[in-house]
Number of protein chains: 2
Amino acid sequence: MTSILIVDDHPLVGDGVSTMIRDVEWLEICGVCKTAKQAMETIQAMRPDLILLDISLPDSDGLQTCEQIRKQDRQVKIIALTSTNEAGIISQFLARGGNGYLLKNMERQELLDAIGDVMNGKIFLSKAANQKILEQYNSVAAAVNKTPMLTRREKEILQLLYEGLTGPQIAEKLFVSPYTIETHRKNLLQKFNVSTTQALLRISKEQKLI
Amino acid sequence: MTSILIVDDHPLVGDGVSTMIRDVEWLEICGVCKTAKQAMETIQAMRPDLILLDISLPDSDGLQTCEQIRKQDRQVKIIALTSTNEAGIISQFLARGGNGYLLKNMERQELLDAIGDVMNGKIFLSKAANQKILEQYNSVAAAVNKTPMLTRREKEILQLLYEGLTGPQIAEKLFVSPYTIETHRKNLLQKFNVSTTQALLRISKEQKLI
DNA sequence: AAATATCTACCTGAAATCAGGTATTTTTTA
DNA sequence: TAAAAAATACCTGATTTCAGGTAGATATTT
């Protein structure tokens, strides 16, 4: 049996979900909350298996709420519910421990699929949300033309720098002079047109070179 | 009409795809290559709309090939083909401009869906690959509990360090002494139990604190 | 009101990075 | 095979970071 807590200030949502899962015998709604505060208390008391979370609550934003819930309970599954498709925040929502993302105009079957997937440890996203996530990866490809060409050695050193090694440490590891590493570093800084290793690594990471 | 170039050293793949799209009148196979080198030449000559790319070619690895192709032609769509599900490289493949990812044991309909989506500017991933990507976002949430507590000021400085500012630059920006910034940095290093700013930023980033 | 947390500031010496070079050897490509 | 690219190594001086402190001022919380 999977117990569901609904956190949403619109009564309609609770009713709608109730109707959708009425004749699914392994699902039950164990509560409905209207504020984040109330939700936190109910979660502690009821220990639901799954939370359907409106991410635009009156007293808190969804990301923060998700984070708080996750901090309180590492097991519970969290599915975000939104009316408008605010795709921009999905990655952050996932990063804070969210497990699913649904639009409120979902079909019944979609809700059941989502609950099923999420309870099985998978992530479930609405189609548009999923597409958005993938595009985030892909978008940097547009900038690929302006990413400088790196030699094999430079890539290697970039990687080691990213792992936190210092110049001398890398030199020791690769059996070359520290001077050599510094030369490579200098070339990397120049290629990326930055002046610090920090910035170098930030940009490389953003462009998924490491 | 969409012209497709197949890049794969196994003849079976070409045959299989041919069969699958035989009676789709808006698709045609304009060539089959067995090596990355040959592919690069063919692409320049034929200008296909879409490339089905085996990512384990004899003479090059798939990521590099994808990158090269994308550098040569910004329009062409690239779908990776693999026999084993090497999910680990998907994000990198996307970052290098890939548009889709399919297993060679795909169904006919899946291939057509993928081609359709990709030609419409969308990303198409096999189900398992897609799940893998989403888990990458979500996995870090598990580590959230062991992330140290940061004060507001520390978060602010962490952010500025991430943006590539040096200690003195941050000091100037925040109208405080450089010493103060160094103290904060020192506290941050201690809280994360690392010894370099590089490592500090790497870990913070991994845990989505910045 | 007292205790705690946070932000601030300072000091020293060692280590690492950055900016500006030059220059030789090896590998790859045209 | 000749030219270009990549990897190696060195030098100097200025700047920044790191590790080890101490300590006062200002919130914040109990």
Side-chain angles (χ1 to χ4, degrees), chain A residues 147-205 209-210, chain B residues 35-41 44-45 59-61 64-65 67-68 71-72 147-205 209-210:
Chain A
T147 66
M149 240 270 273
L150 301 186
T151 69
R152 200 174 313 159
R153 198 56 152 177
E154 283 168 345
K155 280 181 194 170
E156 191 179 6
I157 287 163
L158 186 62
Q159 179 62 42
L160 292 172
L161 283 172
Y162 174 68
E163 287 170 15
L165 301 192
T166 67
Q169 284 171 335
I170 295 174
E172 197 182 356
K173 181 160 191 153
L174 301 183
F175 304 108
V176 295
S177 156
Y179 286 125
T180 304
I181 302 303
E182 287 315 307
T183 301
H184 284 305
R185 189 209 299 266
K186 207 185 331 181
N187 291 336
L188 281 165
L189 292 177
Q190 208 160 35
K191 282 190 179 181
F192 281 87
N193 196 33
V194 294
S195 68
T196 68
T197 303
Q198 241 93 308
L200 169 69
L201 294 175
R202 190 189 79 239
I203 293 176
S204 307
K205 186 69 182 175
L209 295 176
I210 46 178
Chain B
T35 65
K37 197 169 182 178
Q38 199 185 331
M40 293 307 298
E41 294 164 9
Q44 202 146 31
D59 65 330
S60 170
D61 76 289
Q64 228 175 311
T65 312
E67 196 174 353
Q68 254 183 298
K71 211 177 283 176
Q72 190 108 139
T147 64
M149 239 272 272
L150 302 185
T151 68
R152 200 175 312 160
R153 200 56 152 177
E154 282 167 345
K155 280 182 194 169
E156 190 179 9
I157 287 164
L158 185 62
Q159 179 62 41
L160 292 171
L161 283 172
Y162 174 68
E163 287 170 14
L165 301 193
T166 67
Q169 284 171 336
I170 296 174
E172 195 181 358
K173 181 160 193 156
L174 300 183
F175 303 110
V176 295
S177 156
Y179 288 123
T180 303
I181 302 303
E182 288 314 307
T183 301
H184 283 304
R185 191 209 297 264
K186 205 180 340 178
N187 292 336
L188 281 165
L189 291 178
Q190 209 160 35
K191 282 190 179 181
F192 280 86
N193 196 33
V194 294
S195 68
T196 68
T197 303
Q198 241 93 308
L200 169 69
L201 294 175
R202 191 189 78 239
I203 293 177
S204 307
K205 187 67 183 180
L209 294 176
I210 45 179

Nearest 0.5 angstrom please: [X] [atom1] to [Y] [atom2], how far?
X        : Y        : atom1 : atom2 : value
B:Met40  : B:Thr35  : CE    : OG1   : 11.0 Å
B:Asn187 : B:Phe192 : CG    : CZ    : 12.0 Å
B:Leu160 : B:His184 : CG    : NE2   : 11.5 Å
B:Ile210 : B:Ile203 : CD1   : CD1   : 11.0 Å
B:Ile157 : B:Leu165 : CD1   : CG    : 11.0 Å

Partner set under side chain to side chain donor-acceptor pair (under 3.5 Å) for A:Thr197, not counting sequence neighbours:
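With sequence neighbours excluded, A:Thr197 shows a side chain to side chain donor-acceptor pair (under 3.5 Å) to A:Arg185, given in chain and number order.
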Can you check nucleotides 10-16 of chain C for protein contacts, nitrogen or oxygen pairs under 3.5 Å, and list what you find?
{"from": "C:dC10", "atom 1": "OP2", "to": "B:Ser177", "atom 2": "OG", "distance (Å)": "3.0"}
{"from": "C:dC10", "atom 1": "N4", "to": "B:Thr183", "atom 2": "OG1", "distance (Å)": "3.3"}
{"from": "C:dC11", "atom 1": "OP2", "to": "B:Tyr179", "atom 2": "OH", "distance (Å)": "3.4"}

Residue-level proximity of residues 153-163 of chain B to DNA chain C when a heavy atom falls under 4.0 Å:
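Those residues are B:Arg153.
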Just how far, in rounded Å, is [atom2] of [N] from [atom1] of [X]?
X        : N      : atom1 : atom2 : value
A:Asn187 : D:dA5  : CG    : P     : 14 Å
B:Asn193 : D:dC18 : CG    : P     : 14 Å
A:Leu188 : C:dA19 : CG    : P     : 13 Å
A:Leu189 : D:dT15 : CG    : P     : 18 Å
A:Ile181 : D:dT8  : CD1   : P     : 7 Å
B:Leu165 : C:dC18 : CG    : P     : 14 Å
B:Leu150 : C:dC7  : CG    : P     : 10 Å

Per the side-chain hydrogen bond (donor to acceptor under 3.5 Å, both in side chains) rule, what does the pair list look like for residues 150-162 of chain A, sequence neighbours excluded?
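As it turns out, the side-chain hydrogen bond (donor to acceptor under 3.5 Å, both in side chains) pairs with a partner in residues 150-162 of chain A, which skip direct neighbours, are A:Thr151-A:Glu154, A:Arg153-A:Glu156, A:Glu154-A:Lys191, A:Gln159-A:Glu163, A:Tyr162-A:Lys205.
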Validation: residues 168-180 of chain A side-chain donor-acceptor distances under 3.5 Å, sequence neighbours left out:
{"from": "A:Gln169", "atom 1": "OE1", "to": "A:Thr166", "atom 2": "N", "distance (Å)": "2.8"}
{"from": "A:Gln169", "atom 1": "OE1", "to": "A:Thr166", "atom 2": "OG1", "distance (Å)": "3.4"}
{"from": "A:Ser177", "atom 1": "OG", "to": "A:Tyr179", "atom 2": "N", "distance (Å)": "2.9"}

Once each nucleotide of nucleotides 25-30 of chain D is scored for protein heavy atoms under 4.0 Å, what B/S/- sequence comes out, 5' to 3'?
------
Could you identify which residues of residues 196-203 of chain B place a heavy atom less than 4.0 Å from some atom of DNA chain D, listed by residue number, or say none?
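Correct list: B:Thr196, B:Thr197.
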Are OP1 or OP2 of C:dT8 and a side-chain N or O of B:His184 less than 4.0 angstrom apart?
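For B:His184, the contact criterion (side-chain N or O under 4.0 Å from OP1 or OP2 of C:dT8) is met.
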5' precedence on DNA chain C between A:Ser195 and B:Thr151 (nearest-nucleotide basis):
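Its nearest nucleotide being more 5', the pick is B:Thr151.
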Is the shortest heavy-atom distance from the side chain of B:Leu201 to the side chain of B:Leu161 under 4.5 Å?
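Counting from C-beta outward, B:Leu201 and B:Leu161 do come under 4.5 Å.
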So if I take the C1' atoms of five pairs at each end of the helix from C:dA1-D:dT30 to C:dA30-D:dT1 and get each local axis, what angle do the two axes make, rounded to 10 degrees?
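It works out to 70° between the end axes.
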Closest non-hydrogen atom pair between A:Thr196 and B:Gly164, with its separation:
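So the minimum-distance heavy-atom pair works out to OG1-O, 3.8 Å.
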